[in-house]
A.B. asks: 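Quick one: structure below, then a few questions.
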Amino acid sequence: QVQLVESGGGWVQAGGSLRLSCAASGRTLSRYAMGWFRQAPGKEREFVAAIATTAARNTMYAGSVKGRFTVSRDTAKNTVYLQMNSLKPEDTAVYYCAADSRIWLGTSDEYEYWGQGTQVTVSS
């Protein structure tokens, strides 16, 4: 079992930055593929970013966030981050992290474990 807790969301002006954290308990995340997804009101959940196990190192980003968002790991803290720069109003959504015992999932949303989400609101 893996428990995931997102934090770091909030309100920010367009062009600003936020760093989301996904802290885990129950298992060490270094051997888990991790993903970030978001869901805006009235819209379907969409892929944001993914990172493979520490050994594999693969990363992938949605075209809408590529160049602005960065996913990373801190193995000592058993935490995965999503650094979000140059935020736009269209980035407003609830952001979720997810974990899977497989090595790499790419854009797939078929993760075993999901966090509760954290709200990000970007004003213009």
A.B. asks: So Leu29 and Met34, do their side chains get closer than 4.5 Å, heavy atoms only?
C.D. replies: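 Counting from C-beta outward, Met34 and Leu29 do come under 4.5 Å.
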
A.B. asks: Do Gln116 side-chain atoms and Glu6 backbone N/O form a donor-acceptor pair below 3.5 Å?
C.D. replies: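 Yes; at least one donor-acceptor contact below 3.5 Å.
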
A.B. asks: Is Arg57 positioned over the aromatic face of Trp104, cation under 6.0 angstrom from the ring centre and no more than 45 degrees off axis?
C.D. replies: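 Negative - Arg57 is either too far from the ring of Trp104 or too far off its axis.
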
A.B. asks: For residues Ala33 and Thr53, report the shortest heavy-atom separation together with the two atoms involved.
C.D. replies: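 Closest approach of Ala33 to Thr53, heavy atoms only: N-CG2, 4.0 Å.
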
A.B. asks: Looking only at atom types and distance, does a side-chain atom of Thr118 sit under 3.5 Å from a main-chain N or O of Gly9, one as donor and one as acceptor?
C.D. replies: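 Side chain of Thr118 to backbone of Gly9, a donor-acceptor pair under 3.5 Å: yes, one is there.
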
A.B. asks: Does any part of the side chain of Met84, heavy atoms only, come nearer than 4.5 Å to the side chain of Tyr95, both counted from C-beta?
C.D. replies: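 Yes, side chains in contact.
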
A.B. asks: Mind checking ring-ring contact (aromatic ring centres under 6.0 Å, His included) for Tyr96 and listing every partner two or more places apart, or none if nothing turns up?
C.D. replies: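 By the ring-ring contact (aromatic ring centres under 6.0 Å, His included) rule, Tyr96 matches no residue at all.
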
A.B. asks: Can you hop from Val71 to Tyr81 via hydrophobic side chains spaced under 4.5 Å?
C.D. replies: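 Val71 does not cluster with Tyr81.
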
A.B. asks: Quick one: does Arg68's side chain get under 4.5 Å of Asp91's, heavy atoms only?
C.D. replies: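 In short, these two side chains touch, coming nearer than 4.5 Å.
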
A.B. asks: So does Glu110 get a backbone contact from the side chain of Ser108, meaning a donor-acceptor N/O pair under 3.5 Å?
C.D. replies: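 Present.
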
A.B. asks: Would Phe69 and Val48 count as a side-chain contact (heavy atoms from CB on, under 4.5 Å) here? Give the steps.
C.D. replies: CA-CA 9 Å; Phe69 291 11; Val48 175; 3.7 Å; yes

A.B. asks: Rounded to the nearest 0.5 Å, how far does CD1 of Ile103 lie from CZ of Arg31?
C.D. replies: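 Taking CZ in Arg31 and CD1 in Ile103, the distance rounds to 9.5 Å.
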
A.B. asks: Do the side chains of Tyr32 and Asp100 get nearer than 4.5 Å, heavy atoms only?
C.D. replies: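 A side-chain contact is absent here, since even the closest heavy-atom pair is not under 4.5 Å.
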
A.B. asks: List in chain and number order the residues that pass ring-ring contact (aromatic ring centres under 6.0 Å, His included) with Tyr113, two or more places apart in sequence or in another chain; answer none if no residue qualifies.
C.D. replies: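 Scan of Tyr113 (ring-ring contact (aromatic ring centres under 6.0 Å, His included), adjacent residues dropped) gives none.
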
A.B. asks: Is the shortest heavy-atom distance from the side chain of Leu82 to the side chain of Thr70 under 4.5 Å?
C.D. replies: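 Of all side-chain heavy-atom pairs linking Thr70 with Leu82, none is under 4.5 Å.
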
A.B. asks: Look at the side chain of Ser30 and the backbone N and O of Thr28, then say whether any donor-acceptor pair between them is shorter than 3.5 Å.
C.D. replies: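 Pair absent, no side-chain N/O of Ser30 close to backbone of Thr28.
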
A.B. asks: Scan the side chains in residues 11-27 for donor-acceptor partners under 3.5 Å anywhere in the protein, sequence neighbours excluded, and list what turns up.
C.D. replies:
residue: Ser17; atom: OG; partner: Asn85; partner atom: OD1; Å: 2.9
residue: Ser25; atom: OG; partner: Gln3; partner atom: OE1; Å: 3.3

A.B. asks: I'd like to know if the side chain of Gln83 pairs up with that of Ser72 as donor and acceptor (distance under 3.5 Å, no hydrogens or angles considered).
C.D. replies: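 No donor-acceptor contact under 3.5 Å links the two side chains.
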
A.B. asks: Do Trp114 and Phe37 have ring centres separated by under 6.0 Å?
C.D. replies: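 Trp114 vs Phe37: aromatic centres under 6.0 Å.
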
A.B. asks: Once you round to the nearest 0.5 Å, how far does CZ of Arg38 lie from CD of Gln119?
C.D. replies: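 CD of Gln119 is found 12.0 Å from CZ of Arg38.
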
A.B. asks: Any heavy-atom pair between the side chains of Ile51 and Arg73 that's under 4.5 Å?
C.D. replies: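 A side-chain contact exists here, since the closest heavy-atom pair is under 4.5 Å.
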
A.B. asks: Do the non-hydrogen side-chain atoms of Thr107 and Met60 ever get within less than 4.5 Å of each other?
C.D. replies: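 Side chain of Thr107 against side chain of Met60, heavy atoms only: contact under 4.5 Å found.
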
A.B. asks: Show the nearest heavy-atom pair for residues Pro89 and Ser124, with the distance to one decimal.
C.D. replies: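 Nearest pair, atom of Pro89 first, then Ser124: CG-CB, 3.8 Å.
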
A.B. asks: Under 4.5 Å between side-chain heavy atoms, counting indirect links through other Ile/Leu/Val/Met/Phe/Trp/Tyr residues: same cluster for Phe47 and Tyr111 or not?
C.D. replies: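 Yes; tracing contacts between hydrophobic side chains, which count when under 4.5 Å, links both residues.
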
A.B. asks: Shortest non-hydrogen contact from Leu4 to Ala99?
C.D. replies: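 Looking at all heavy atoms of both residues, the shortest contact is CD1-N, 3.7 Å.
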
A.B. asks: Starting from Trp36, can I reach Leu105 by hopping between I/L/V/M/F/W/Y residues whose side chains sit under 4.5 Å apart?
C.D. replies: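 Shared cluster, no.
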
